[in-house]
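Heavy atoms only: backbone and side chains are in, while hydrogens, waters and symmetry mates are out. So you know, we letter chains A, B, ... as the sequences are listed, proteins then strands, and number each from 1. Remember, predicted model here, so these are calculated numbers, not experimental data.
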Amino acid sequence: MASEKAPIPLGSNFIRAIVEKDIEQGVYHTRKWAGSPGDAAHQSAGQVDQAKIRTRFPPEPNGYLHIGHAKSIFLNFGLARDYAGVCHLRFDDTNPEKESQEYVDSITDAVKWLGFDWHNGREQNLYFASNYFDFMYRSAECLIEHGHAYVDSQTADEMRLNRGSLTEAGKNSPWRDRSVAENLALFRAMRDGQHADGSLVLRAKIDMASANINLRDPAIYRVRRAHHHNTGDKWCIYPMYTFAHPIEDALEQITHSICTLEFEDQRPFYDWLLGRLAEAGLLAQPLPKQYEFARLNLTYVVLSKRKLIQLVEEKHVAGWDDPRLPTLAGARRRGYTAEGFKLFTDRIGVSKADSWIDYSTLEDCMREVLNESAERRIAVLDPIRLVIDNYPVDQVEDCFAPNHPLKPELAKRVVPLSRELWIEREDFMEEPSKGFFRLMPDGMVRLRYGYVVKCTGFEKDATGKVTVVHCEYLPDTKSGTPGADSIKVKGNIHWVSVAHAYECEVRLYDRLFKEAHPGEGDKDFLDDINADSVSVIRAQLEPSLKEVQAESRFQFERHGYFVADKKDSLAGKTVFNRTVTLRDAWQK
RNA sequence: UGGGGAGUCGCCAAGUUGGUUAAGGCACUGGGUUUUGAUCCCAGCAUCCGAAGGUUCGAGUCCUUCCUCCUCAGCCA
C-alpha cells in the first residue's frame, strides 16, 4: 500500500500546491498578526497569526462583480477555508474618479450571496485601500528619503515619449536627479495642494533601460483633485495601483496575493517595493508573494467592465441586475445559484493557460445543482385547450404529483384534473414528424399523473392554427391505480386544468449575444446582441404556484428551471424567470 | 523584432525530484432504467503530451532549435 501514489485531490492546482508547500515548510510559522492591518511595529507587537494563510479578494468598487470574479472569489476564499486561513475582502479604491458606494454595496452583497464571510472571530476583515493612505504617504516619503523615488515635472506626453518602446530603452527624466530635500519639498507641496492636477508625479527610481517596462520608473503618486467615496476631500494626491496594492497586501499580512495573468509583469515591482520598505523597517517580514492565474473567458458573454457599463448605460439591458447579464446580481435574478457557481469553479479549475470555457458548461452546472434541489411543478408555457369529451362536465378530481422524483420524503401535492385542460402547443402535431410520440390524431398519450387519453380530433381557426384538441380518456388508467399500466404509451405530457390554472407572466431568457465571441475581430460587440434574448409570455401554471416566496426555484417539468423574480413579483402575482432549460436530446 | 507567460483528448485539467499500459471532470457515442425525449446507471472515448532533433536502459517530464498564442509602452486597476 505504501508504494501506491497518493490520490490526487479533486481541484488540485498549482496555487494549492504552492500553499501546501509553504505550509509544510513553515514559511509563515512565525508570521505575526496584531489583529488588524498595520506596519512592522504594529504587527511585531502581535501574536503569531492563528491563520495559516491570508488571502484577499481586492475588487475596485467601480462596477458590479461578474462571473469572472466568482472564479477569483472561490479561489481566494476557498483557499483560506481549506487551509485554515482567512480571506480579506478589500476594496481597492485608489482612483476616486471611478468609484462609488453603490458599487461597494453591490460587491459586498455578491460576495455574501456566494456564501462567504470576512469575519474571523471578532476580527472583521473588510478593508479599504483608502484607509491606508496615511501609511502609503509615509512609504512614499520613505522611498524619497532613501533615494528610491523622485518628483517628475515632465508632462504625461513627455513621460510617454521618454519611456522608450518595447524594444528600445527609455531615457532618464531631466528631473530624475533632484535632491532628496527638493523631492521631499515638492512631494509635500503636491500633498498640500500647491500643484495642479497632472503637473507633477512621484516616480519610483529604478531603471529606465529595464527590459520590463513596468520598472522604467513607474508613476506611484499623482495629483488628482477628486472627491473620494471614503476619504472625502482629505487628499488631492492618490497612489497608483502599482504602488498601493503591494502595500495593502503587506499591511494586511497577506501571504498569498493572487491575481490574474496580466499582472505578471508587475511582480518584479511588487517585490522591489516591498523589499525597499521592509529594509527601511516599515513593513513586517515575511513579505507577501504574488501569484498569477488565467482569468476566466466565457463564450457568449462579455466580461469587460467597459462593455458591461456600456450595456447598462446605453440601456441595452434593464440594469446591472438584468437576468441576461453575466453580473452576479444578474445571475442571481436569473435563478443561478451560489452552489452552481461553486460547482462551476471546481469544474473549470485554475491554471496559467489561457482558455475559453463554453457557456454551456456554466448552464450544465446550474442544471446539476437545480435538478437536485428544485421542487417540480407544472406549467404550460404555450397553451392550447385539450377537451376530454367523455369526462363529466363539472367533475374535478385530485391527481397526485411528487414534489421531487428523487426525494419521496418531499411528498406529493394535489393537482386538480377536470374536463378542460391546457396543454403545450408543441405537444400536439396534426402531422407528426418522424420520431414524434406525443399527441397526434388517433394517438394515445398519458396525461402526466392522470389518465391515458386518445386523441379524437381537433379544431383550427381561420388561419389554420390549432385551437382545441379533443380526446377521450381511458377511465381505468389513472396513475397510481392498478390499471395504470394496462396500456403502455410512450408519450407523457403535462397539463393544467383550465378552471384552476393560474395565469402569470413568465420571462424566457436566452443568451444576450448570438456569437460565441461578441465583437471578435473589428466588429462592434453591440452588433452581436441577440435581438431575441428575452420573450415575455403569459403562461398557465398549476395553482400551487400562485403564492411562492421570491427567489424560490422550481423545475417546471419538461421545460426547465424557473425562479420567482425577486424584484418584480408582487404578493399573489409572482413573475417567473427561466433560469435554464432542461437538456433536450430530441432532435426536432 | 525587447521582456514576461502559456501550449497534454472536442472543452477544461492533473501529471512531485525522468521509471512500467498519460488522472479526473465536462461533452460525445453506445446500452439499460424511467409516468419529465429530464435525471440516474453501465460501457467506450489521447500508443500520445505544439514540432523536430538530442541525452538516457527509460522523457509529457532534461537539453537544443523552431512554431503558435497571450501579455506589457495609463499620471487605470
Side-chain angles (χ1 to χ4, degrees), chain A residues 5-14 17 21 58-60 62 92-95 97-98 152 154-156 159-161 163-170 197-203 210-216 218-224 237-238 240-242 244-245 259 261-268 292 294 299 305 346-358 360-361 364-365 367-368 371-372 376 378 401-402 405-406 435-438 446-450 452 479-480 484-485 488-494 555-560 581-588:
Chain A
K5 282 187 176 180
I8 297 157
L10 191 68
S12 163
N13 63 52
F14 78 101
K21 193 175 169 202
E60 181 187 13
N62 69 344
D92 208 346
D93 54 354
T94 57
N95 185 1
E97 289 172 316
K98 294 181 174 175
D152 198 346
Q154 290 183 109
T155 64
M159 272 181 62
R160 179 163 39 75
L161 254 27
R163 188 151 29 232
S165 71
L166 294 179
T167 51
E168 300 159 303
D197 285 14
S199 60
L200 294 178
V201 66
L202 184 70
R203 291 229 253 172
S210 174
N212 180 348
I213 292 176
N214 295 289
L215 260 24
R216 319 242 261 232
I220 58 180
Y221 252 104
R222 76 278 213 183
V223 182
R224 179 80 78 251
I237 57 172
Y238 291 95
M240 304 283 293
Y241 164 86
T242 309
H245 205 89
C259 60
L261 250 25
E262 66 270 29
F263 295 103
E264 264 178 326
D265 298 341
Q266 212 82 232
R267 192 180 345 122
E292 310 85 14
T299 59
K305 213 161 256 183
D346 285 346
R347 204 164 266 185
I348 63 176
V350 177
S351 77
K352 298 188 77 150
D354 293 305
S355 60
W356 280 88
I357 307 295
D358 195 90
S360 64
T361 301
D364 279 334
C365 291
R367 283 191 189 99
E368 197 165 318
N371 175 50
E372 185 68 25
R376 314 285 122 126
I378 299 167
L406 307 173
F436 183 83
F437 54 71
R438 279 113 90 156
R446 173 173 293 281
L447 296 178
R448 198 163 165 73
Y449 311 126
V452 171
S479 294
D485 293 325
K488 287 277 186 192
V489 290
K490 197 166 187 195
N492 187 302
I493 65 173
H494 61 96
Q555 181 194 101
F556 289 177
E557 294 194 8
R558 303 214 298 136
H559 282 301
T581 61
L582 248 32
R583 285 173 59 164
D584 184 1
W586 185 47
Q587 303 300 316
K588 280 166 222 177

What's the gap between [N] and [M] when it is taken at their [atom1] atoms, as a whole Å value?
N	M	atom1	answer
B:G19	B:U56	C1'	11 Å
B:C62	B:U17	C1'	12 Å
B:G74	B:C12	P	31 Å
B:U55	B:G44	P	39 Å
B:G10	B:C28	C1'	8 Å
B:G3	B:U64	P	16 Å
B:U29	B:G53	C1'	39 Å
B:C40	B:G5	P	42 Å

Once you apply a heavy-atom cut-off of 4.0 Å, does [X] come out as touching a base, just sugar-phosphate, or nothing?
X	result
A:E168	nothing
A:P268	nothing
A:G170	nothing
A:A156	base
A:E60	sugar-phosphate
A:F556	nothing
A:Q555	base
A:Y221	nothing
A:E368	nothing

| task | Measure the acute angle between the ring planes of A:Y241 and A:F263, then classify it against the limits of 30° and 60° as parallel, tilted or perpendicular. | result |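 A:Y241 and A:F263: tilted rings.
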Legend entry - Closest-nucleotide ordering on RNA chain B, the 5'-leading residue of A:A219 and A:R558: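 Upstream on the strand: A:R558.
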Distances under 3.5 Å only, N/O to N/O: pair up the protein atoms with those of nucleotides 1-5 of chain B.
{"unit_1": "B:G2", "atom_1": "N9", "unit_2": "A:L166", "atom_2": "O", "d": "3.2"}
{"unit_1": "B:G2", "atom_1": "N3", "unit_2": "A:L166", "atom_2": "O", "d": "2.9"}
{"unit_1": "B:G3", "atom_1": "N2", "unit_2": "A:D265", "atom_2": "OD1", "d": "2.8"}
{"unit_1": "B:G3", "atom_1": "N2", "unit_2": "A:D265", "atom_2": "OD2", "d": "2.3"}
{"unit_1": "B:G5", "atom_1": "O2'", "unit_2": "A:E264", "atom_2": "OE1", "d": "3.4"}
{"unit_1": "B:G5", "atom_1": "O2'", "unit_2": "A:E264", "atom_2": "OE2", "d": "3.3"}

What I want to check is whether an N or O donor and acceptor connect the side chain of [X] with the base of [N] at under 3.5 Å.
X	N	result
A:R376	B:U36	yes
A:R448	B:U35	no
A:E372	B:U39	no

message = Can a donor-acceptor pair be found, under 3.5 Å and without considering hydrogens, that links the side chain of A:R376 to the backbone of A:Q555?
response =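 No.
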Output field dot_bracket for RNA chain B (Watson-Crick or G-U, both distances under 3.5 Å, | for other-strand pairs) contains .((((((..(((......[....))).(((((.......))))).....(((((..]....))))))))))).....
How long is the line joining [atom1] of [X] and [atom2] of [N], in whole Å?
X	N	atom1	atom2	result
A:F437	B:U35	CZ	P	13 Å
A:I357	B:C12	CD1	P	6 Å
A:R160	B:C72	CZ	P	17 Å
A:L161	B:G74	CG	C1'	15 Å
A:W356	B:G7	CH2	C1'	17 Å
A:L406	B:U34	CG	P	15 Å
A:F263	B:C70	CZ	P	19 Å
A:Y238	B:A77	OH	C1'	16 Å

Ignoring backbone atoms, establish whether [X] has a side-chain N or O less than 4.0 Å from OP1 or OP2 of [N].
X	N	result
A:T155	B:C75	no
A:R367	B:A38	no
A:S351	B:A13	yes
A:R163	B:C75	yes

For B:G37, is there a stacking contact with A:W586, counting only centres under 5.5 Å and planes under 30°?
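Given the distance and angle limits, yes, they stack.
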With no hydrogens and no angle check, just 3.5 Å: does a side-chain donor-acceptor pair link A:E557 and A:Y449? yes
- Task: Using distance alone, with no hydrogens and no angle criterion, decide if A:D358 and A:S360 have a side-chain donor and acceptor under 3.5 Å apart.
- Result: yes
Here the pair of heavy atoms bringing A:I213 nearest to A:S165 is CD1-O, 4.1 Å
Can you name the atoms? Protein N/O to nucleotides 27-30 of chain B N/O, anything below 3.5 Å, with the distance.
{"unit_1": "B:A27", "atom_1": "OP1", "unit_2": "A:R583", "atom_2": "NH1", "d": "2.8"}
{"unit_1": "B:C28", "atom_1": "OP2", "unit_2": "A:R583", "atom_2": "NH2", "d": "3.0"}

With syn defined as a glycosidic angle within 90 degrees of 0 and anti as anything else, the base of B:G25 is anti
